[in-house]
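Down below is the structure, laid out as structure tokens.
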Number of protein chains: 2
Amino acid sequence: MHANVKQNVVPLITSGLKVACSQCNLRELCLPLGLSEQDMGRLDSLIGGGRKLKRGHHLYRAGDPFESIFAVKAGFFKTDVLTEDGRDQVTGFQMAGEILGMDGISTETHTCNAVALEDSEVCLIPFTELEMLSSEIRSLQHHLHKVMSREIVRDHGVMMLLGTMRAEERLAAFLLNLSQRFSARGYSPAEFHLRMTREEIGSYLGLKLETVSRAFSRFQDEGLISVQQKHIRILDIPRLKVLLTPADGRIG
Amino acid sequence: MHANVKQNVVPLITSGLKVACSQCNLRELCLPLGLSEQDMGRLDSLIGGGRKLKRGHHLYRAGDPFESIFAVKAGFFKTDVLTEDGRDQVTGFQMAGEILGMDGISTETHTCNAVALEDSEVCLIPFTELEMLSSEIRSLQHHLHKVMSREIVRDHGVMMLLGTMRAEERLAAFLLNLSQRFSARGYSPAEFHLRMTREEIGSYLGLKLETVSRAFSRFQDEGLISVQQKHIRILDIPRLKVLLTPADGRIG
DNA sequence: TAGTTGCATTGACAAATATCAAAGGGGCGC
DNA sequence: GCGCCCCTTTGATATTTGTCAATGCAACTA
């Protein structure tokens with residue numbers, strides 16, 4: 001009961017440990033389009049193979065020396081930042097095809113923790129080598145820049161969420177985002193298992209776990225979703241989207 | 001009375017419009033260290049010269065096609081994201097030596113607005129050319145990656161602020177951040193002019209302008225700062241820092 | 001299968017922040 | 001130099017979210 005309902009024919013979860021990029025089902029998510037066979041081969045030899053992580057284990061921790069970025073091959077991660085004064089902020093949840101670790105480039109040290117929320121597998125991408133190769137393959141270089149830029153844009157979206165939305169809006173945005181990402185990976189957009197606790201959702205959304213729980217309950221009472229612990233079924237996507245539109249038309 | 005109190009001998013604000021990077025006072029902030037004279041020359045010929053903006057004018061708008069990133073040569077900017085449903089979130093304030101526009105790389109379109117909050121000047125850095133040159137100059141390539149990564153890390157800091165801090169903590173963090181950045185540019189860390197309104201501060205910090213104003217007043221009542229409209233003088237940096245430590249030692 | 005443990009839900013109450021409203025101050029344009 | 005407009009401050013009140021506490025549920029272990 002842990003796997004999501006599969007809608008698509010393409011199997012996206014691979015099991016082998018050393019799968020070449022050229023053979024990987026996630027390559028449309030990870031890689032630039034239109035790489036020549038030769039370039040693809042050079043990329044294959046760069047990737048340091050896979051690494052499996054059991055649920056709860058760290059992929060890296062804040063303070064670890066930065067050497068690689070990681071592509072999620074299968075599973076589910078969270079990243080969080082911990083400050084000396086004890087604050088803890090979940091900065092993101094990552095699923096198959098998404099890239100982890102780019103925060104470490106600037107200081108040569110990882111600045112956040114990455115934890116597997118279920119048994120997971122990643123590709124190791126040694127960064128120095130990636131830079132060398134990308135200076136030779138223009139489309140790869142540009143793709144790397146796009147991936148980093150996308151992370152910046154994503155972060156701006158989270159700021160918008162944290163800065164302007166109230167609790168129910170935040171949760172609606174969160175659910176719709178997950179729905180869309182599962183959908184893009186061939187899973188049901190309407191039915192999925194949350195891999196994270198209410199507390200982790202709360203940390204990500206800037207809310208206390210009780211507030212998250214209450215918002216879930218209210219959504220259920222209103223017939224928007226059905227919740228059973230971590231099992232979510234979205235019953236009314238359009239109305240969830242309407243929730244994101246502030247009641248008073250702030251436009252104009 | 002609009003200029004900040006200068007402490008340092010090095011004049012950081014340039015006035016000429018076309019200043020070569022090699023001659024620019026900001027090069028330690030903008031550029032990688034240890035560029036050869038030859039490479040510096042190639043970079044100089046890449047930079048599309050400066051552009052001046054009057055206060056209130058847009059450097060770019062969300063939706064504009066992405067062609068360049070920008071280095072702030074002088075002045076002060078804000079960036080903000082506007083959604084269809086009318087939400088408005090200030091995502092950052094940028095000062096001399098900082099880079100603007102990297103959000104546009106991923107979609108080839110700017111995703112936020114950049115507005116000059118005072119008369120300002122930027123360097124135009126055509127991005128395609130920058131990518132070409134950086135594939136030939138390794139330290140330049142790596143520097144670009146660092147700058148983008150730094151932006152990601154900065155965004156995580158804002159998420160932490162928005163997700164875990166209460167109003168006064170947010171404002172204290174904001175003031176200390178400005179103080180530190182002014183200081184790094186040779187200005188007084190203790191006395192400066194805010195270029196933005198209370199509403200813009202509030203948007204950045206996820207607060208209403210009245211809450212910002214009240215927090216300023218309370219800081220003043222407690223002798224932490226002195227406020228006169230946009231003129232700020234920080235009287236007690238250590239105690240401001242203590243404010244950032246949650247009262248209950250959440251550690252352990 | 002019973003017991004343990006962690007996670008989730010719910011209620012009552014407290015605290016923080018937003019909202020609404022009014023008035024004061026300063027800078028900019030004329 | 002004057003006046004207007006925008007920004008800021010402050011107060012009273014409403015709303016939202018957090019806090020504390022108790023109970024429930026479900027999965028894992030022994």
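Below, all heavy atoms of this structure are taken into account, side chains as well, without hydrogens, waters or symmetry copies. Within every chain, numbering begins at 1; the chains are lettered A, B, ... in the order of the sequence lines, protein sequences first and strands thereafter.
- The NZ atom of B:K208 sits 16 Å away from the P atom of C:dA21 (whole-angstrom rounding).
- A:S217 has a side-chain polar atom (N or O) that falls below the 4.0 Å cut-off from OP1 or OP2 of C:dT10.
- Of the possible donor and acceptor atoms, one in the side chain of A:T164 sits under 3.5 Å from a partner among the backbone N and O of A:M160.
- Among the protein residues, B:G206 comes within range of the sugar-phosphate backbone only, with heavy atoms under 4.0 Å from sugar or phosphate atoms but none that close to a base.
- One interatomic measurement links the two molecules: CE of B:M165 to P of C:dA16, which rounds to 17 Å at whole-angstrom precision.
- In this structure, A:Y187 and A:F182 have perpendicular ring planes: the angle between them is above 60°, well past the 30° mark.
- Taking atom CD of A:E169 as the reference point, atom C1' of C:dA18 lies 14 Å away to the nearest angstrom.
- For B:F70 and B:Y60, the gap between ring centers is short of 6.0 Å.
- Of the listed residues (B:R239, B:R218, B:R214), just one forms a salt bridge (charged side-chain N to carboxylate O under 4.0 Å, His left out) with B:E168, and that residue is B:R218.
- Protein atom CD of A:E199 is 13 Å distant from nucleotide atom P of C:dG6, rounded to whole Å.
- Across the protein-nucleic acid pair, B:Q228 atom CD and D:dT8 atom P stand 14 Å apart, rounded to whole Å.
- Distance, B:L171 CG to D:dT8 C1': 14 Å, rounded to whole Å.
- Of the side-chain N and O atoms in A:K230, one or more sit less than 4.0 angstrom from OP1 or OP2 of C:dA8.
- With C:dT9, D:dT10, C:dT17 as the choices, the nucleotide that has an atom nearest any side-chain atom of A:L209 turns out to be C:dT9.
- In this structure, the nucleotide among D:dT17, C:dG11, D:dT8 sitting nearest to the side chain of A:R214 is C:dG11.
- Listed nucleotides: C:dA18, D:dT9, D:dT19. Nearest to the side chain of B:T211: C:dA18.
- Distance A:L205 CG to D:dT17 P: 12 Å, rounded to the nearest Å.
- You'll find that the side chain of B:Q229 is closest to D:dT8, out of C:dC28, D:dT8, C:dA8.
- At D:dT16, one or more side-chain N or O atoms of A:R166 fall inside 4.0 Å of OP1 or OP2 (strictly under the cut-off).
- Remark: C1' of C:dT9 and CD1 of A:I232 are 14 Å apart, rounded to the nearest angstrom.
- Here the side chain of B:L207 is nearest to one of D:dG18, C:dG26, C:dT17, namely C:dT17.
- Close to D:dT8, at under 4.0 Å from its OP1 or OP2, lies a side-chain N or O of B:R198.
- The pair B:E98-B:R154 does not meet the salt-bridge criterion, since no charged nitrogen lies less than 4.0 angstrom from a carboxylate oxygen.
- Using a 4.0 Å heavy-atom cutoff across all strands shown, B:T197 reaches sugar-phosphate atoms only and no base atom.
- Side-chain proximity of A:E210 to D:dT17, D:dT19, D:dT8: nearest is D:dT19.
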